[in-house]
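Chain letters run A, B, ... following the sequence lines, proteins first, then strands; residues in each count from 1. Hydrogens, waters and symmetry mates play no part in the numbers below; they use all other heavy atoms, side chains included.
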Protein chains: 2
Amino acid sequence: MSDHTAPYHHGDLRQALLSAARDALERNGPASLSLRDLARQLGVSHNAPYRHFADRDALLDALSAEGFARLAEALQQARGATAAERVAAMGQTYVAFADAHPGLFALMFQPVDATARPETQPVAARTLEFLRAGIREVTGDEDPVDVATLWALVHGLSALRANAHQLFMEPTMIRAVTARAAEALVQRSRVTR
Amino acid sequence: MSDHTAPYHHGDLRQALLSAARDALERNGPASLSLRDLARQLGVSHNAPYRHFADRDALLDALSAEGFARLAEALQQARGATAAERVAAMGQTYVAFADAHPGLFALMFQPVDATARPETQPVAARTLEFLRAGIREVTGDEDPVDVATLWALVHGLSALRANAHQLFMEPTMIRAVTARAAEALVQRSRVTR
DNA sequence: ACCTGAACACCGTTCAAGT
DNA sequence: ACCTGAACACCGTTCAAGT
């Protein structure tokens with residue numbers, strides 16, 4: 001007989017729930033994520049998740065916060081020969097993240113009342129800091145309009161890429177847009193300097 | 001006694017459902033829109049909606065298609081002294097739409113498989129045509145990278161504005177971004193011409 | 001084109017009583 | 001920190017039999 005000591009207590013149910021939820025998120029989207037279904041998949045009782053999350057929203061909050069943390073990590077690792085190229089690389093990274101995890105991206109930026117995501121908010125703010133820092137490197141001092149423009153541009157590319165309409169952007173188009181935007185940023189910083 | 005001839009047949013249940021659904025969408029978002037709840041609000045039986053919509057997805061599809069049609073209408077009415085100002089006005093219109101109907105905007109651009117929205121797709125494609133036409137007026141011939149850039153920029157502003165994070169854009173910032181983008185579009189069209 | 005009413009397989013959430 | 005098991009108030013969806 002094998003030593004399948006079916007554990008009475010689950011090893012790390014919290015992590016197992018988050019992991020299973022990440023998969024479910026990419027398969028069916030945030031709307032149809034079910035706590036009971038996750039419990040079934042993991043072989044625990046339907047109310048076991050409530051030992052780790054107050055309710056369904058708390059699980060979604062944790063997933064969302066985790067998503068922002070991973071996005072920040074990815075942005076931090078973007079590299080480029082020049083500052084402008086690094087900003088372009090950050091843009092590519094942002095879009096690539098949405099492309100790789102569209103369900104998670106949708107969850108992160110879903111319009112819900114912000115009070116339902118207390119854990120997410122500080123992590124999201126921290127993520128935006130990396131975009132700010134990158135732009136500051138290019139332009140010297142940081143123009144808030146530049147920050148808003150680049151963030152909106154990159155977020156728009158991501159959202160249009162992640163959604164399911166036939167209208168989404170091709171990867172080559174995304175590269176062209178981000179490259180041109182980074183170039184424009186450098187040119188204006190030369191003029192105004 | 002008043003003549004409240006409580007109608008056995010509802011006057012126009014289809015329109016009444018769509019109207020009630022639009023309200024519910026803005027109150028609680030797309031996820032928690034319930035057919036049974038709509039039926040209750042309208043005083044009809046819980047399965048009456050199935051006379052007009054095959055299922056819940058069909059109702060969401062109809063709402064989404066209607067949303068794109070209204071957005072197209074609004075974009076068409078954008079005016080400006082110059083072509084560039086008209087493009088900027090279209091950008092403002094797009095963002096204002098998301099701002100006025102965040103629940104509907106979220107529904108329209110939610111990542112679901114496109115097959116679940118057959119009615120929406122052609123109307124969405126038609127909407128994009130108005131952005132294309134506006135840009136063509138500014139640049140003479142239409143650069144696909146310009147189209148993609150402006151659409152992504154405006155969509156990103158809208159999405160960040162419509163979502164519930166503390167990070168959203170202020171209206172003054174949105175005006176600054178769209179104005180500068182339109183200006184940049186004009187300047188490059190002069191250089192390359 | 002609606003109604004009533006029952007039914008099925010789901011949900012999230014909360015108990016009570018166990019180990 | 002889990003379990004079983006029951007319970008409550010919801011869902012979407014599909015019947016059957018009416019008007």
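- Taking the P atoms as reference points, D/dA17 lies 22 Å from C/dC2, given to the whole Å.
- Between C/dC11 and A/Arg40, a contact under 4.0 Å exists linking OP1 or OP2 to a side-chain N or O.
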Next item on the list: Starting at the 5' end of DNA chain D, write a dot or bracket for each base, bracketing those in Watson-Crick or G-U wobble pairs whose two distances are under 3.5 Å and using | for partners on another strand.
Entry: ||.|||||...|||||.||
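- No donor-acceptor distance shorter than 3.5 angstrom exists from the side chain of A/Asp57 to the backbone of A/Arg117, with no hydrogens or angles considered.
- A donor-acceptor contact shorter than 3.5 Å links the side chain of B/Thr149 to the backbone of B/Val145.
- D/dA1 atom P lies 14 Å from atom CD of A/Gln15, rounded to whole Å.
- Counting only residues at least two apart or on different chains, the side-chain hydrogen bond (donor to acceptor under 3.5 Å, both in side chains) pairs with a member in residues 42-52 of chain A are A/Ser45-A/Asn47.
- Listed by first and then second residue, the side-chain hydrogen bond (donor to acceptor under 3.5 Å, both in side chains) pairs involving residues 87-107 of chain B are B/Gln92-B/Thr178, B/Tyr94-B/Trp151, B/Tyr94-B/His155, B/Asp99-B/Arg161 (not counting sequence neighbours).
- Between the CZ atom of B/Arg14 and the P atom of C/dA1 there is a distance of 12 Å, given to the nearest Å.
- In summary, of the residues considered (A/Leu59, A/Leu13, A/Leu38), a side chain to side chain contact (heavy atoms under 4.5 Å, CB included) with A/Leu18 occurs for A/Leu59 alone.
- The distance between atom CG of B/Leu38 and atom C1' of C/dC2, rounded to the nearest whole Å, is 17 Å.
- Comment: B/Glu183 does not engage B/Arg180 in a salt bridge, judged by the lack of any side-chain N to carboxylate O separation of less than 4.0 angstrom.
- Expressed to the nearest 0.5 Å, how far CG of B/Leu35 lies from CG of B/Leu17 amounts to 8.0 Å.
- Near DNA chain C, defined here as any heavy-atom distance below 4.0 Å, the residues from residues 45-61 of chain B are B/Ser45, B/His46, B/Asn47, B/Ala48, B/Arg51, B/His52, listed numerically.
- The phosphate of C/dC10 has neither OP1 nor OP2 within less than 4.0 Å of any side-chain N or O from A/Ser34.
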Donor-acceptor contacts, no H, no angles, side chain residues 69-79 of chain B, under 3.5 Å, sequence neighbours left out:
| from | atom 1 | to | atom 2 | distance (Å) |
| --- | --- | --- | --- | --- |
| B/Arg79 | NH1 | B/Gln76 | O | 3.2 |

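- In this structure, the CZ atom of B/Arg36 is 16 Å from the C1' atom of C/dG12, given to the nearest Å.
- As rounded to whole Å, 15 Å separates atom C1' of D/dG12 from atom CG of B/Leu17.
- Here D/dC11 presents its C1' atom at 15 Å from CG of A/Asp37, a figure rounded to the nearest Å.
- Listed by first and then second residue, the side-chain hydrogen bond (donor to acceptor under 3.5 Å, both in side chains) pairs involving residues 18-36 of chain A are A/Arg22-A/Glu66 (not counting sequence neighbours).
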